[in-house]
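Here's the structure we're looking at; comments come further down.
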Amino acid sequence: MFTYYLELAIRSLRRNKVLTTLMVLALGLGIGACITTLTVLKLLSGDPLPQKSAQLFYPQVDPFPMDGYVAGETKPQPTMTYTDAMNLLHARKATHQAVMTTTGAKIAPQQANAHPFYSDGVMTTSDFFGMFDVPFQYGGGWTESDDESRARVVVIADFLNDKLFGGANSVGKTLRINDHDFRIVGVLKHWAPQPRFYSLDLGGRDYGDGDAVFLPLQSARAADMAAGNTNCFDEIKDLKHLETAPCIWLGMWVQLDNSAAVADYKAFLANYARQQIALGRFHRPDTGLPDLMRWLRDEQVVPDDVRLQAGLAFGFLLICVINTVGLLLAKCLRRSQEIGVRRALGATQRTIFAQFMVEAGIVGLAGGLLGLVFAELGLLGIRHQPAEYASLAHLDVSMFALTFVVAIVASLVAGLLPAWRACVLAPAPQLKAS
Amino acid sequence: MILRPILSSLTRHKLTVMLLMLQVALTCGIVCNVAFMIEERIARMSAPSGVAEDEVVLIDSVQVDPHTNPQMRHLEDVAALRAIPGVRSAVAVDAVPFNGSDWTSSLNTQPDSDANAASASVYNGTPGELQTLGLNLIAGRDFLPGEYLPLDSAHDGAGLGKVSTVIVTRALADKLFPAGNALGKSVYPFSQPARIVGIVDHLSRPGPHDAGAEDYSALFPLLPDTAEVTYVMRTAARNRKHVLEIAKATLTRLDGNRIVRQPSTFAQLRADYFHRDRTMVGLLLAAAVALAFVTAVAIAGLAHFWVGQRRRTIGIRRAIGATRGDILRYFQTENFLIVSGGVVLGLLLAMMLNLILMQQYEVPRLPVYYLPIGAAVLWLLGQLAVLGPALRAAAVPPVVATRSM
């Protein structure tokens with residue numbers, strides 16, 4: 001029976017070739033646009049550390065003066081002063097904790113006639129690697145005593161190791177950064193979480209390649225490496241000594257394994273803020289402890305333009321679906337006589353309904369296939385854009401499947417109304433009319 | 001008028017007509033907003049920067065050696081860059097329009113009061129910045145040699161608190177002194193006054209800002225003293241590539257232990273800065289055209305079916321005296337009625353969509369004149385789409401009436 005419907009549907013669609021082509025084209029465009037924008041949206045709003053994001057939290061406190069403060073509305077600051085970061089770090093209230101900021105590392109290769117170049121760097125503390133499950137190719141991170149003794153050690157990324165040492169084990173070798181020698185203690189495997197969650201608001205980009213060098217915070221600062229983003233809330237005497245300046249420039253991440261630990265940490269933060277108010281250092285009582293995904297939402301890491309494009313694509317698909325409904329409906333009403341004859345010859349309402357749904361399904365499937373082509377083209381276009389995330393835009397298996405789900409659902413929704421109208425048509429008047 | 005038979009015919013196809021109206025309405029709502037967003041972005045992209053864009057090239061330098069005094073380095077570099085054949089002038093600056101290095105400071109018009117204050121982007125550079133960038137001084141004068149001070153970047157640009165003169169853009173002058181007498185008045189970056197000695201026509205800011213504030217820039221006679229600096233050179237348009245190559249080689253020769261970054265023409269810098277906007281305009285335009293096309297297909301397709309369905313009726317009308325023009329007008333009027341229904345709904349939708357966009361994406365309010373334009377465009381689209389099928393209907397011969405189907 002199904003093959004018969006298929007044959008009928010194909011015959012009916014071929015009768016209006018131009019219209020069928022345009023219908024499929026419109027549906028394909030709508031689906032292609034939706035899948036392209038959804039792929040980008042999914043890429044940008046994805047979970048950077050799926051196995052661990054639920055246990056990672058971003059503590060926030062607020063050392064700013066009362067100017068402009070509205071109780072209950074003003075959010076705590078996105079970064080911390082050195083004093084607060086060190087107080088919270090040394091309190092060790094979480095399973096893992098690390099403070100960090102980004103920096104521009106001026107790297108001078110040892111080879112003759114090679115010019116120095118800039119690389120993205122992270123200044124952090126020893127627990128960074130354990131907390132974020134950063135994978136190592138050679139060696140490992142540094143220790144807490146390295147942090148404290150301001151040891152000149154560095155962990156480098158795979159791509160920097162490839163560039164400078166041809167991919168060989170470079171642990172123990174020396175790297176000249178900002179005119180100071182650092183000993184390499186570890187080489188990472190490929191590690192580039194998307195988005196680069198740990199450095200939002202700390203300067204630098206949000207997506208793209210991973211960082212090239214990771215240095216102990218105090219050692220790097222002793223080598224005069226600048227912080228990626230500083231925001232000062234009082235008059236500053238000397239920006240070279242950020243550690244004592246009234247400026248926020250550090251982010252902190254903590255790992256909390258269960259809800260009891262989260263509650264304890266919240267209480268600890270609130271208590272810390274109260275203490276600092278009593279000491280006269282703080283004025284605002286608010287603290288924050290968003291988890292990783294919440295923090296990404298708070299920071300609105302997905303660009304407005306990308307959300308706008310997705311909205312536009314869905315609006316377009318909606319119009320394409322309405323377009324298909326209208327055309328299929330007009331088409332099926334024009335075939336009232338044919339339906340009347342079939343009904344008179346014994347076809348049930350159910351068979352008529354099935355016949356028209358098959359016809360809609362074929363349009364949907366063709367639209368889906370075409371949509372896939374358009375989506376691949378769209379993503380190809382995005383990969384040629386200079387956006388940070390451009391190289392990551394690929395169609396994955398789930399989006400591939402989603403294309404067909406969207407196509408079939410769209411076409412069946414579009415086919416429902418015409419098929420229903422067709423099957424409730426009373427046969428007698430149609431026969432009489434001819 | 002033949003409205004009554006058209007209406008009564010349309011009421012027999014309620015569902016189809018409603019679907020078409022809905023499609024026209026959605027198209028109208030979306031296209032109005034898309035057109036508005038396109039206009040906004042194009043306005044932003046085509047705003048004048050104030051710079052002589054075809055004659056300016058720039059190159060970034062970051063000194064690695066911490067022992068050389070950066071100001072000495074800049075002096076030596078600028079002298080060497082000026083000596084390049086074809087270079088008319090060269091300066092060291094901390095920012096140029098569109099390079100993203102945006103230092104924003106609040107400028108007050110009275111000491112210790114931020115009433116009437118404006119937040120402006122601060123530009124600092126060595127003497128000759130005005131000529132090198134090609135800024136158009138519309139009032140007052142350039143800085144005098146004795147007015148320059150070091151920026152004192154080690155103390156977060158403390159030089160800004162000591163400087164005695166400033167040159168502002170016309171937009172900033174009008175914002176700070178709406179009476180139009182800004183020249184000679186003082187502004188207060190901190191507690192020290194800086195006298196406005198000159199006004200330039202335009203100077204865009206290094207980064208994006210709210211509409212209306214894109215031109216709030218102030219030039220200070222402060223000498224950059226950081227390891228990272230941008231060298232700007234002015235040359236004839238055809239020499240730009242050549243000059244950049246020589247400049248890069250010259251800087252590396254003077255000090256190999258530095259990073260030379262992003263040699264580019266100002267035209268490239270502008271193109272890169274607006275690349276995302278350009279892409280977005282392209283996408284929005286494509287979406288608007290595709291939407292209009294899909295809706296035209298729907299209108300034409302439906303008319304096509306109706307003409308087929310009504311061949312006999314048309315034949316009868318022709319047989320009893322209707323002219324071809326009557327049949328043509330019948331379908332055109334029918335289309336006008338359907339599109340009008342859609343447009344009324346569509347204009348409401350356009351305003352609702354705009355409200356949502358205003359909340360979510362900082363889009364301004366849709367100007368009212370977009371609504372009649374949007375309606376006119378859809379009416380025109382509908383008439384064009386229906387013309388083909390209507391002409392076919394008009395061509396139906398009266399003899400059809402006599403044939404049995």
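Any value given below was found using the heavy atoms of this structure, including those in side chains, with hydrogens, waters and symmetry copies removed. Every chain is numbered from 1, with letters handed out A, B, ... down the list of sequences.
Residue-environment remark: CZ (Arg276(B)) stays at or below the threshold of 12 foreign heavy atoms within 6.0 Å. Within 6.0 Å of the NE2 atom in His384(A), the count of heavy atoms belonging to other residues, nucleotides or ligands does not exceed 12. The number of heavy-atom neighbours closer than 6.0 Å to CZ of Phe293(B), taken from other residues, nucleotides and ligands shown, is 12 or below.
Nearest heavy-atom pair, Gly326(A) versus Thr16(B), reported as atom, atom and distance to 0.1 Å: O-CG2, 4.3 Å. Closest non-hydrogen pair, Cys320(A) versus Val294(B), comes out as SG-CG2, 4.2 Å.
Heavy atoms closer than 4.5 Å to chain A are found in the side chain of Val34(B), but not in its backbone. In this structure, chain A has a heavy atom under 4.5 Å from the side chain of Arg41(B), while its backbone stays farther away. If you measure heavy-atom distances from Val62(B) to chain A, the contacts under 4.5 Å come from the side chain alone. Using a 4.5 Å cut-off between heavy atoms, Met18(B) makes no contact with chain A at all. Interface residue Leu357(B): only side-chain heavy atoms are found under 4.5 Å from chain A. Contacts of Arg421(A) with chain B are made by side-chain atoms alone, with heavy-atom separations under 4.5 Å and no backbone atom involved. Contact annotation for Arg258(B): only backbone heavy atoms (N, CA, C, O) come within less than 4.5 Å of a heavy atom of chain A. Residue contact with chain B, scored on non-hydrogen atoms closer than 4.5 Å, involves the side chain of Leu312(A) exclusively.
Looking only at side-chain heavy atoms (C-beta outward), Ile319(A) and Ile30(B) come within less than 4.5 Å of each other. Between Asn323(A) and Thr295(B), every side-chain heavy-atom pair lies at or beyond the 4.5 Å cut-off. Within the 4.5 Å cutoff, side-chain heavy atoms of Leu417(A) are placed close to those of Leu19(B). Looking at Arg335(A) and Phe305(B), their side chains never come closer than 4.5 Å, going by heavy atoms from C-beta outward.
Heavy-atom pairs under 4.5 Å with chain B were tallied for Leu25(A), Thr324(A), Leu22(A), Leu308(A); the largest tally goes to Leu308(A). Of the listed residues (Val325(A), Leu29(A), Val18(A)), the one with the most heavy-atom contacts under 4.5 Å to chain B is Val325(A). Of all the listed residues (Pro418(A), Ala313(A), Pro116(A), Gly104(A)), the one sharing the greatest number of non-hydrogen pairs under 4.5 Å with chain B is Pro116(A). Heavy-atom pairs under 4.5 Å with chain B peak, among Asp224(A), Leu327(A), Asp304(A), at Asp304(A).
Judged by distance alone, with hydrogens and angles left aside, the side-chain atoms of Lys106(A) form a donor-acceptor pair with the main-chain N or O of Gln63(B) at under 3.5 Å.
Within the model, atoms CZ of Phe117(A) and CD1 of Ile259(B) stand 8.5 Å from one another, a figure rounded to the nearest 0.5 Å. Phe316(A) CZ to Thr27(B) OG1: the interatomic distance, rounded to the nearest 0.5 Å, is 9.5 Å.
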